[in-house]
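Here's the structure we're looking at; comments come further down.
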Amino acid sequence: MAIIDELNALCAQTLAQISEAPDSAALEGVRVAVLGKKGTLTGYLRSMGQLAKEERAAVGKAVNDARNQVESALEERKAQLASQELAARMEAEAVDVTLPGRVQQMGTRHLISAITDEIADIFLGLGYTVGTGPEVETDWYNFTALNAPKDHPSRSMQDTFYVIDRTGEQTAVRGESDVLLRTQTSGVQVHTMEDQKPPIYIIAPGKVYRRDVADPSHLPQFHQVEGLVVDENITFGDLKGTLDYFCKALFGPDRSTRFRAHFFPFTEPSAEADVSCGVCGGTGHLHDGERCRMCKGTGWIEILGCGMVDPNVLEACGVDPEKYSGFAFGIGVERVACLKYNVPDLRMLLEGDMRFLRQF
Ligand code: DAH
């Protein structure tokens, strides 16, 4: 019977397609094309009614045979493909535990933060506490209360960043007091004396700003640690003893200090403190007799400004200069960092080069 031959051919062709189906999706395509609602084998089942009675039994059997064969072949191929696909996925998604891990790069503390803390720790050990003040400051705190005469050169636009309002006018606070970026941490002395009664023993680390172009020894933004002591019977001897102790604690017990007369508006008398040079041992020359470049042959390196708090400053801050006296000092953090680690150019501190920063 022609129809039976057709069915056999369709069955053989379908079995071949099933065994060749490359993946589950292709196999499902074959199933739908043959056994789906509009499938070829389904078509034969549907058209059974139109057959002559005597043909029906034989054709019905052939269709059923074909369907059984196709269904069991589908089942078998489906299981086969599923296990192949699972194996392929496990292979593809496997974690290779022998690969090197991805290491998270850890940052380090910046040298400036480390030195600031080192300086602070020395004074905290002496019983000082940490004071703070704003970086955006008024003329009163940065200059006037600190006894800076109106015509002092540090007040000129050359050195100070002034805060200008939208009209281009300098912002006025407290009547005539300009707003500026503090040029020194000394203003914290004023804030502290306004806020607390003596005895005062504080240090104030912080950022300061000056209108300088960055070069090997200048930065427009740098750090200072201010110090202030106000108590009864404080003398220049206390200042010297404290700062000598500080220098030895920071640079080593073999270092000595000297104090040279200097001028600061807020202290009287004022001095600059030098520490003996660590490279030449304070002699000014190296073993071979060559002049020491670190201290330029002097044997000394300047590290801070200091002095006895001027009575005018105490008075401006509401402290009775008859009862109290005090000393103050200001340390340049970048300068100390460079001296301690022989950094030749201050700008290296700002470049963020990890090869440089990781050394400390
Ligand atoms: N403020 C000074 C400066 O920026 C440093 C200084 C000197 C601070 C003497 C002081 C001091 O407290 O007594 O150059």
Side-chain angles (χ1 to χ4, degrees), residues 116 119-120 123 128 130-135 137 139-149 152-156 158-161 180-194 198 200-212 217-231 234-244 246-247 257-275 301-314 316-317 319 321 324-336 346:
T116 304
I119 295 172
F123 286 101
Y128 288 54
V130 173
T132 56
E135 289 171 24
E137 192 54 286
D139 181 74
W140 166 260
Y141 289 98
N142 198 70
F143 294 124
T144 311
L146 289 166
N147 199 36
H152 196 267
S154 64
R155 284 191 177 224
S156 81
Q158 292 300 299
D159 304 311
T160 307
F161 288 112
L180 46 82
L181 298 185
R182 67 181 179 188
T183 60
Q184 50 187 0
T185 45
S186 303
V188 182
Q189 293 185 31
V190 182
H191 286 287
T192 306
M193 286 188 271
E194 280 181 355
I200 291 170
Y201 291 81
I202 57 123
I203 50 156
K207 275 195 202 91
V208 300
Y209 304 83
R210 288 184 197 176
R211 279 187 60 173
D212 276 323
S217 55
H218 295 85
L219 294 175
Q221 177 202 294
F222 57 102
H223 298 76
Q224 295 183 329
V225 177
E226 190 76 19
L228 174 69
V229 168
V230 181
D231 204 342
I234 296 293
T235 68
F236 201 84
D238 297 313
L239 177 158
K240 284 182 78 174
T242 303
L243 294 178
D244 182 69
F246 161 72
C247 289
T257 50
R258 74 172 182 187
F259 295 81
R260 279 178 292 106
H262 197 74
F263 171 80
F264 295 105
F266 33 84
T267 44
E268 183 60 35
S270 302
E272 276 183 337
D274 298 338
V275 63
I301 292 167
E302 178 211 320
I303 76 145
L304 56 82
C306 59
M308 300 305 290
V309 181
D310 192 299
N312 289 345
V313 175
L314 295 175
C317 300
V319 174
Y324 294 106
S325 56
F327 66 84
F329 54 90
I331 306 164
V333 179
E334 277 78 358
R335 192 173 169 75
V336 169
L346 288 181

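Throughout, numbering of the chain's residues begins at 1 and tracks the sequence. Whatever order the structure lists them in is the order used to number ligands and atoms, beginning at 1.
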Kindly say whether Glu302 contributes a backbone atom to a donor-acceptor pair with the side chain of Arg335 at under 3.5 angstrom?
yes

Among His223, Glu137, Gln224, Lys207, exactly one meets side-chain hydrogen bond (donor to acceptor under 3.5 Å, both in side chains) together with Thr185. Which residue is that?
Gln224

For ligand 1, what is the set of protein residues having any non-hydrogen atom at a distance below 4.0 Å?
Gln184, Ser186, Gln189, Arg210, Gln224, Glu226, Phe264, Phe266, Thr267, Gly305, Cys306, Gly307, Ala328, Phe329, Gly330

When you measure from the side chain of Asn142 to the backbone of Thr183, do you find a donor-acceptor pair of N or O atoms at a distance under 3.5 Å?
yes

Name all residues meeting the side-chain contact (heavy atoms from CB on, under 4.5 Å) criterion together with Glu268; count only those two or more places apart in sequence or in a different chain, and write none if there are none.
Asp310

Say whether, by atom type as modelled, one donor and one acceptor occur between the side chain of Arg210 and the main chain of Gln184 under 3.5 angstrom.
no

Please give me the minimum heavy-atom distance between Leu146 and Tyr141, naming the atom from each residue.
CD1-O, 3.3 Å

